[in-house]
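Report on the structure given below.
The analysis underlying the following values was restricted to heavy atoms, covering all of them including side chains, and did not include hydrogens, waters or symmetry mates. Both ligands and their constituent atoms are indexed starting at 1 by order of listing.
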Amino acid sequence: MSYSIEQITELTGATRIGKVEATIDWLLTENTQLSFPEETLYFAIPDKQNGEEKIIADLYARGVRNFVVEVKNTWLGNAAPVNYADYPACNFLEVSNALKTLQKLVEKHRSNYHIPMIGVTGSTGKTIVKEWLYQLLSQDRIVARSPYTSNGQIGVPLSVWQINDQSQLAIIEAKSLESGEMRALQSIIQPTIGVFTSIGRTSQERFSSLQEKCEEALGLFKDCDVIIYNGDDEFIRDSVGKSLFSAREIAWSRVDTDKPLFITSVKKGDTSAEITYQYLGMENSYCFPFTDDISINYSINCLAVCLYLMLPPEEITARMAKLRPIASRLELKNGKRGCVLIDDSYDLDINTLEAALEFQYRHAENKKMEKTLILSDILDTDKAPNVLYKRVGQLLDEHGITRLIAVGRELASAASRFEMKCDFFPDTDALFASGVMQLLNHEIVLIKGARTFNFERIVDYLELKDRDTVLKVNLNALINNLNYFRNKLLPTTRTLCMVKAGAYGAGAVEVSKALRDEKVDYLGVATADQGVEIREAGVTTSIIVTNPIHSSLKKIFRYSLEAEIYNFRILEEIIHSAEREGMMNVPIHIKVNTGMNRMGFDVAELPMLIRKLKEQNTVIPRSIFSHLAGSDGKEFDEFTHQQIALFDKVSSEFQAAFSHRILRHIANSAAVERFPELAQFDMVRLGIGLYGVNPCDNSIINNVSTLQSTIIQLRDVAEGETVGYSRRGKIVKPTRIAVLRIGYGDGLDRHLGNGNFYCLVNGQKAPYVGNICMDLCMIDVTGIACREGDKAVIFGDDLPVTMLADQLGTIPYEVLTNMLPRVKRVYIRE
Ligand SMILES: *Cc1c(COP(=O)(O)O)cnc(C)c1O
């Protein structure tokens with residue numbers, strides 16, 4: 001339905017500034033929702049933090065030319081929010097109240113239509129009932145309805161505006177927050193069929209009584225032809241009775257046979273419920289795919305509407321069976337250890353708490369799970385804490401919360417209000433430190449926190465992430481690999497675990513924590529920043545930084561990292577910096593070059609190094625070490641033996657020059673595997689082996705990392721067609737192509753494309769087809785039973801990373817470290 005700007009001016013009684021021709025199809029109140037600038041009329045409703053002027057400027061730049069603005073009468077004359085001269089070729093409609101103008105315009109729009117209009121209100125279930133009615137009724141008529149949950153003073157007019165000449169029915173939900181609001185909504189909606197979903201016993205903050213709240217809601221039904229409600233709810237029944245409507249009533253009841261719609265029986269199965277009812281002397285029944293009482297009550301409201309609209313009972317039965325759950329702001333996520341999570345970690349007030357509790361309540365009933373709530377202090381409130389938390393306590397009782405994990409000092413001081421099992425923590429960090437979240441098991445966990453508590457961290461921690469492109473890291477396998485190497489060593493030999501390059505791609509922080517718990521002696525990183533990241537995660541294990549540079553020394557001191565010293569320049573720099581910081585005995589690790597010819601002091605430099613070290617006490621050598629160039633290859637064994645022998649000699653001379661114990665180390669994973677006796681010295685440095693790859697023969701010890709992605713589209717491609725960029729994927733026989741949500745932007749090497757390698761889909765080989773793209777790749781799944789959403793293993797369990805490396809002509813180290821940070825790491829630990 002289009003209106004000319006003249007018509008709108010007339011309907012609203014506004015004063016029009018500007019003479020531009022315009023046709024208006026869209027009304028807008030949020031600048032984020034702009035789609036059709038030329039046909040949009042923007043209502044500058046004050047009460048926005050951003051300021052109307054900025055929004056108008058933004059919308060103007062994006063092509064909007066029609067604006068409704070409020071002008072205030074001041075003693076200087078009328079004050080407009082913007083200077084019209086700055087906005088040429090526009091229409092400004094001046095009004096005294098933009099919201100009222102919006103409502104008035106839509107009211108006039110509404111009165112052009114004579115179609116059944118369903119108005120839905122109540123404390124809970126409005127959106128579900130509206131959406132289910134839509135699912136039930138839209139099969140044979142064109143239905144306009146409120147988008148998602150818009151039901152307030154702005155949402156309702158914008159919803160009703162969507163009614164047009166095609167509409168045969170409309171379903172609009174309405175909610176009043178304060179007394180008097182419903183009257184305005186009623187005159188915009190003018191419903192002919194009223195549905196009252198429920199009245200909350202609990203939440204009437206802004207109403208002086210439940211009575212008043214109920215009467216306010218009933219205001220929507222003033223001129224309805226019929227009112228539908230739960231006749232077993234005494235309160236609603238009495239309030240409707242007192243309201244003296246002339247409307248017909250369809251009260252339904254599960255106990256009172258005299259009610260117009262009598263529910264004879266409700267039989268609940270595992271996944272569906274069967275409801276038998278009597279209406280106008282006839283008995284019928286329907287099955288529907290929900291089993292909780294709350295959903296059953298909502299479905300009965302819908303049933304009553306369908307019956308009133310004279311939908312044949314067989315049709316009702318058929319359609320009820322197909323009802324789908326509605327999308328909610330809240331969603332269920334799979335958590336670890338069989339938990340189900342409800343993530344509402346972004347905002348918290350008492351109303352959203354109640355809504356979230358209801359959501360949890362319904363879903364817990366379906367799944368018969370214990371109900372746990374992780375809740376923060378409710379910050380954003382003008383209520384006194386004692387009143388507030390008393391209410392919270394009641395709400396938790398009503399919704400059957402069995403366990404409360406409370407974060408914040410206010411909750412802790414209100415501890416006596418909560419009768420269920422409780423744990424209190426002063427802040428989110430304390431909750432993490434306590435380990436209680438690791439004990440959550442097969443519970444439905446609602447996570448509800450005020451923004452400042454950063455509860456998204458909790459969700460991230462508890463969520464089971466297996467739906468996307470993820471690198472699954474099995475920490476148990478990592479520990480098994482550590483023990484595999486430890487078993488080759490003397491019990492006294494220390495371990496330095498290399499966690500450089502994000503722990504070879506597995507994620508430095510989690511891997512470091514796991515290794516700390518195994519009491520490894522050192523962690524090794526390449527740069528100071530990597531060390532800082534691990535320290536900031538609370539890991540206190542000693543950390544060696546192998547490639548320090550001058551500018552990173554301060555960080556090394558501040559975070560108690562230990563630097564590898566590889567030449568005289570960096571030695572001077574660290575001594576100088578440490579002196580300036582007033583430090584003494586800063587531990588350092590001396591690197592000697594025994595043949596690798598990469599980093600380190602030459603053997604000939606050692607006497608001078610010893611002298612320099614001995615004439616100061618700012619730094620102190622903690623270890624001396626060297627690195628083997630070919631410990632993994634038999635062909636280099638002679639050279640390796642020479643390196644080890646040379647290191648043995650020079651490192652013992654070095655030790656002899658000092659009275660304190662200096663650790664000597666040279667072995668990497670391959671050397672521990674191949675020369676455990678000869679090369680272990682005081683400590684070994686484990687890298688690739690920890691991550692599951694035996695560098696000597698490329699076998700897998702215990703697989704740690706599995707890279708998997710998801711099929712997001714399937715299609716059949718005919719012979720003669722091509723797939724992907726540059727038409728490289730030539731199809732020679734009918735082929736089923738799956739698209740995976742991973743590409744070279746995640747670290748998937750382009751050289752694998754064009755049939756050079758394959759991934760595994762449900763255990764079967766699916767070759768890459770055509771060029772690998774930035775975010776996607778295509779694979780051939782012809783003959784493989786698979787569906788969209790199925791996983792594909794790029795490497796890992798059942799497809800060793802070493803095979804991928806061989807195909808690419810590289811080493812597994814590179815494949816592992818090429819996984820970019822945007823690939824989520826998910827940690828598995830039994
Ligand atoms: C990376 C690294 C290691 C570990 O080597 P792997 O072959 O992965 O076992 C050992 N020492 C140094 C100095 C390293 O940089």
Side-chain angles (χ1 to χ4, degrees), residues 478 481-486 488-489 493-506 508 511-512 515 520-528 530-531 534 542-549 561-567 570 588-601 622-634 636 640 643-644 647 651 663-676 679-702 704-705 801-802 805 810-818:
L478 179 92
N481 293 331
L482 173 66
N483 292 331
Y484 168 89
F485 286 101
R486 277 179 162 172
K488 296 180 186 289
L489 303 169
T493 304
R494 297 173 203 221
T495 44
L496 187 170
C497 292
M498 300 305 301
V499 293
K500 62 194 178 193
Y504 290 50
V511 166
S512 297
L515 292 170
V520 304
D521 301 278
Y522 278 94
L523 298 171
V525 295
T527 66
Q530 295 170 3
I534 296 167
S542 300
I543 300 175
I544 296 186
V545 178
T546 58
N547 310 329
I549 50 171
L561 309 174
E562 302 178 15
E564 165 188 316
I565 300 301
Y566 45 88
N567 66 8
I570 190 78
I588 58 170
H589 300 266
I590 303 298
K591 178 77 158 282
V592 205
N593 176 25
T594 55
M596 172 90 167
N597 288 322
R598 191 174 64 176
M599 302 277 277
F601 291 94
R622 180 74 189 96
S623 81
I624 181 165
F625 70 110
S626 189
H627 199 35
L628 296 170
S631 58
D632 56 337
K634 227 178 161 42
F636 311 119
T640 305
Q643 275 199 288
I644 296 171
F647 177 70
S651 63
L663 301 172
R664 304 191 297 157
H665 48 108
I666 193 167
N668 55 3
S669 307
V672 179
E673 180 73 30
R674 301 193 55 234
F675 319 102
Q680 67 180 283
F681 292 91
D682 301 315
M683 179 152 82
V684 298
R685 301 189 304 271
L686 298 175
I688 193 79
L690 282 178
Y691 304 101
V693 178
N694 184 335
C696 306
D697 60 2
N698 261 357
S699 64
I700 300 294
I701 308 167
N702 294 287
V704 172
S705 294
V801 66
T802 45
T810 183
I811 49 175
Y813 299 69
E814 188 185 6
V815 178
L816 289 170
T817 55
N818 270 354

Subject >> Listed partners of Glu673 passing salt bridge (Lys or Arg N to Asp or Glu O under 4.0 Å), at least two apart >> reply: Lys488
Original post:
Can you name the nearest heavy-atom pair linking Val815 to Thr810, along with the distance?
Top reply: CG2-CG2, 4.0 Å
Original post:
Between Arg685 and His627, do the side chains contain an N or O donor and an N or O acceptor separated by less than 3.5 Å?
Top reply: yes
**OP:** Kindly give the heavy-atom pair with the smallest separation between Leu816 and Val801, and that separation in Å.
**Re:** CD2-CG2, 4.1 Å
Original post:
Do you see a donor-acceptor pair shorter than 3.5 Å between the side chains of Thr546 and Glu564?
Top reply: no
**OP:** Determine, stepwise, if the pair Leu496 / Val520 fulfils side chain to side chain contact (heavy atoms under 4.5 Å, CB included).
**Re:** CA-CA 7 Å; Leu496 187 170; Val520 304; over 6 Å; no
Original post:
Listing by chain and number, which residues have a heavy atom under 4.0 Å from ligand 1?
Top reply: Met498, Lys500, Tyr504, His627, Asn668, Ser669, Arg685, Gly687, Ile688, Tyr813
